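Have a look at the structure below, then the notes.
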Amino acid sequence: MKALVFAAGYGTRLGEITRTLPKALVPAGGVPMLQRVIFKLRDAGFREIVVNACHLADKIQRFLEDNGNFGMDIKLSLEPGPEPFETGGGIKFARPLLEDREPFLAYNVDILSDADLRGFVSSARRDALATLLVREPSPKDNRFFLFDSDMRLAGWTNVTTGEVRGRISRAGDYRRMSFCGIHLISQQVFPLLQDWPERFSITDFYIKEAAEHPVYGVSAGALNLIDIGSPASLAEADAYFSRMYTSSPGSAKP
């Protein structure tokens, strides 16, 4: 099974550091985020990885070459720019590298977690267009996927604005869950992507296509997860790994 790592973004919210360094190579606890994700995928049994890159892609390419691709089969999906194709467009563009007989795992490079990837993959339903790893919302979350009693995706809501999208008109009857940035995607996705533009979010795709094609959620349960999207969350990650290295050197996760 292949894995796609989203690593094309600018990471502008991280400030000056990403003007000269791609977000994927920003260190978290002293180790580049991309390296942490690659090791996590390797530990879960993945051997073929596609990394999509755009902003400062040459530095990502050099990093992988200098490290011998960490002994894995890693290919780059180099988006021409100047703007990244976002998650949906990134999948569409990487199709030649992702086509296979099996579904593929997609993983945001700025998500550091102790998610059980093997368990997640084994829990996916065979009829699913996609299976999303989700968690119970935290107090700071304001945007959610909405699931019915069978954990099939029904829509999306922004509780701050009251916006509701999908095959429903109101959010109250559905379970609110936060997306973890990890999803298992069927090969059936590629024909459906054909009519979508060059640049778009996979979230928009799921919300629209879930009306006719089953998209399910799987609860992550107890989960340590840090979404590194700001200097504050990067500092949180650094502090986390500092504590972990102090208490158990060499075994820090996520």
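In what follows, every heavy atom counts, from backbone to side chain, and hydrogens, waters and symmetry copies are set aside. It should be emphasised that the depicted structure is a prediction, and the values quoted were computed from it without experimental measurement.
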- Message: With a 6.0 Å cut-off on the ring centroids, do Phe190 and Phe104 count as close?
- Response: yes

- Answer yes or no: is there a side-chain heavy-atom contact under 4.5 Å between Thr157 and Glu163? no

- Side-chain contact, heavy-atom cut-off 4.5 Å: Ile228 with Val26? no

- Heavy-atom count around Arg143 CZ within 6.0 Å, excluding the residue itself: above 12? no

- How about Asp204 and Ser201: does a side-chain donor come under 3.5 Å of a side-chain acceptor? no

- Arg13, CZ: over 12 other non-hydrogen atoms inside 6.0 angstrom: no

- Pick from Phe85, Tyr206, Phe205: which one makes a ring pair (Phe, Tyr, Trp, His ring centres under 6.0 Å) with Trp196? Phe205

- Message: Let's go through Arg62 and Glu65 carefully: what are the C-alpha distance in whole Å and the side-chain angles of both, what is the deciding distance for salt bridge (charged side-chain N to carboxylate O under 4.0 Å, His left out) to 0.1 Å, and is it a yes or a no?
- Response: CA-CA 5 Å; Arg62 192 177 310 119; Glu65 290 173 351; over 6 Å; no

- Note on the structure: Output for pair (Cys180 SG, Arg135 CZ), nearest 0.5 Å, gives 5.5 Å

- Task: For Leu129 and Val189, run side-chain contact (heavy atoms from CB on, under 4.5 Å): C-alpha distance rounded to whole Å, both residues' side-chain angles, the deciding distance at 0.1 Å, then the answer.
- Result: CA-CA 7 Å; Leu129 177 66; Val189 76; 4.2 Å; yes

- Query: Got a salt bridge between Asp73 and Lys75, using NZ or NE/NH1/NH2 to carboxylate O under 4.0 Å?
  - Reply: yes

- Partners meeting ring pair (Phe, Tyr, Trp, His ring centres under 6.0 Å) with Phe6 (sequence neighbours left out): none

- Interatomic distance, CD1@Ile49 vs CZ@Arg42, rounded to 0.5 Å, equals 9.5 Å

- Query: Going hydrophobic residue to hydrophobic residue with side-chain gaps under 4.5 angstrom, can you get from Phe200 over to Leu192?
  - Reply: yes

- Item | Aromatic ring pairing Phe63/Phe70, orientation class (parallel under 30°, perpendicular over 60°, tilted between) | tilted

- Can any side-chain N or O of Asn52 pair as donor or acceptor with the backbone N or O of Ala7 at less than 3.5 Å? yes

- Is there a donor-acceptor pair under 3.5 Å between the side chain of Ser230 and the backbone N or O of Ser233? yes

- Given Asp148 and Arg167, is the salt bridge (charged side-chain N to carboxylate O under 4.0 Å, His left out) satisfied, shown in steps? CA-CA 11 Å; Asp148 63 19; Arg167 56 186 172 93; 3.7 Å; yes

- Message: Is the distance between the ring centroids of Trp156 and Phe144 under 6.0 Å?
- Response: no

- Item | Side-chain heavy atoms of Ser77 within contact of Val51, under 4.5 Å | no

- Message: Would you say that Lys23 contacts Leu34 through its side chain, given a criterion of any heavy-atom pair below 4.5 Å between the two side chains?
- Response: no

- Between His55 and Thr18, is there a donor-acceptor pair closer than 3.5 Å when you use the side chain of the first and the backbone of the second? yes

- With a 4.5 Å heavy-atom cut-off, do Arg175 and Ser149 have their side chains touching? no

- Task: Tell me, yes or no, whether the heavy-atom count around Glu136 atom CD, taken from other residues, nucleotides or ligands under 6.0 Å, exceeds 12.
- Result: yes

- Decide whether Gln187 and Arg95 meet the rule of one side-chain donor and one side-chain acceptor closer than 3.5 Å. no

- Val218 side chain near Met151 side chain, heavy-atom distance below 4.5 Å: no

- Query: With no hydrogens and no angle check, is any side-chain donor or acceptor of Lys59 less than 3.5 Å from a backbone partner on Thr20?
  - Reply: yes

- Query: Below 4.5 Å, heavy atoms only, C-beta onward: do Leu4 and Leu105 meet side chain to side chain?
  - Reply: no

- Query: Out of curiosity, does Met1 fall in the hydrophobic cluster containing Tyr107 (side-chain heavy atoms, cut-off under 4.5 Å, transitive links)?
  - Reply: yes

- Does the Asn67 side chain pair with the main chain of Leu64, one donor and one acceptor, at a distance under 3.5 Å? no

- Minimum-distance pair of heavy atoms, taken over all atoms of Leu21 and Pro27: CD2-CD, 4.3 Å

- Is any NZ, NE, NH1 or NH2 atom of the basic residue among Glu99 and Lys2 found under 4.0 Å from an Asp or Glu carboxylate oxygen of the other? no

- Give a yes or no answer on whether the side chain of Asp227 reaches the backbone of Ile111 with a donor-acceptor pair at less than 3.5 Å. no

- Query: With Tyr216, which residues qualify under side-chain hydrogen bond (donor to acceptor under 3.5 Å, both in side chains), at least two apart?
  - Reply: Asp127

- Item | Donor-acceptor contact present, side-chain Arg152 to main-chain Ala210, <3.5 Å | yes

- Go through the steps to decide whether Asp110 and Arg36 satisfy the test salt bridge (charged side-chain N to carboxylate O under 4.0 Å, His left out), and finish with yes or no. CA-CA 10 Å; Asp110 54 2; Arg36 288 196 180 276; over 6 Å; no

- Task: Starting at CE of Met33, measure out to CD1 of Ile226 and round the result to the nearest 0.5 Å.
- Result: 11.0 Å

- Task: Carefully, step by step, assess Asp195 and Lys92 under the rule salt bridge (charged side-chain N to carboxylate O under 4.0 Å, His left out).
- Result: CA-CA 10 Å; Asp195 294 332; Lys92 181 179 178 179; over 6 Å; no

- Heavy-atom side-chain contact between Thr203 and Phe145 under 4.5 Å: yes

- So, for Pro137 and Ser178, which heavy atoms are closest and what is the spacing to 0.1 Å? CA-OG, 3.6 Å

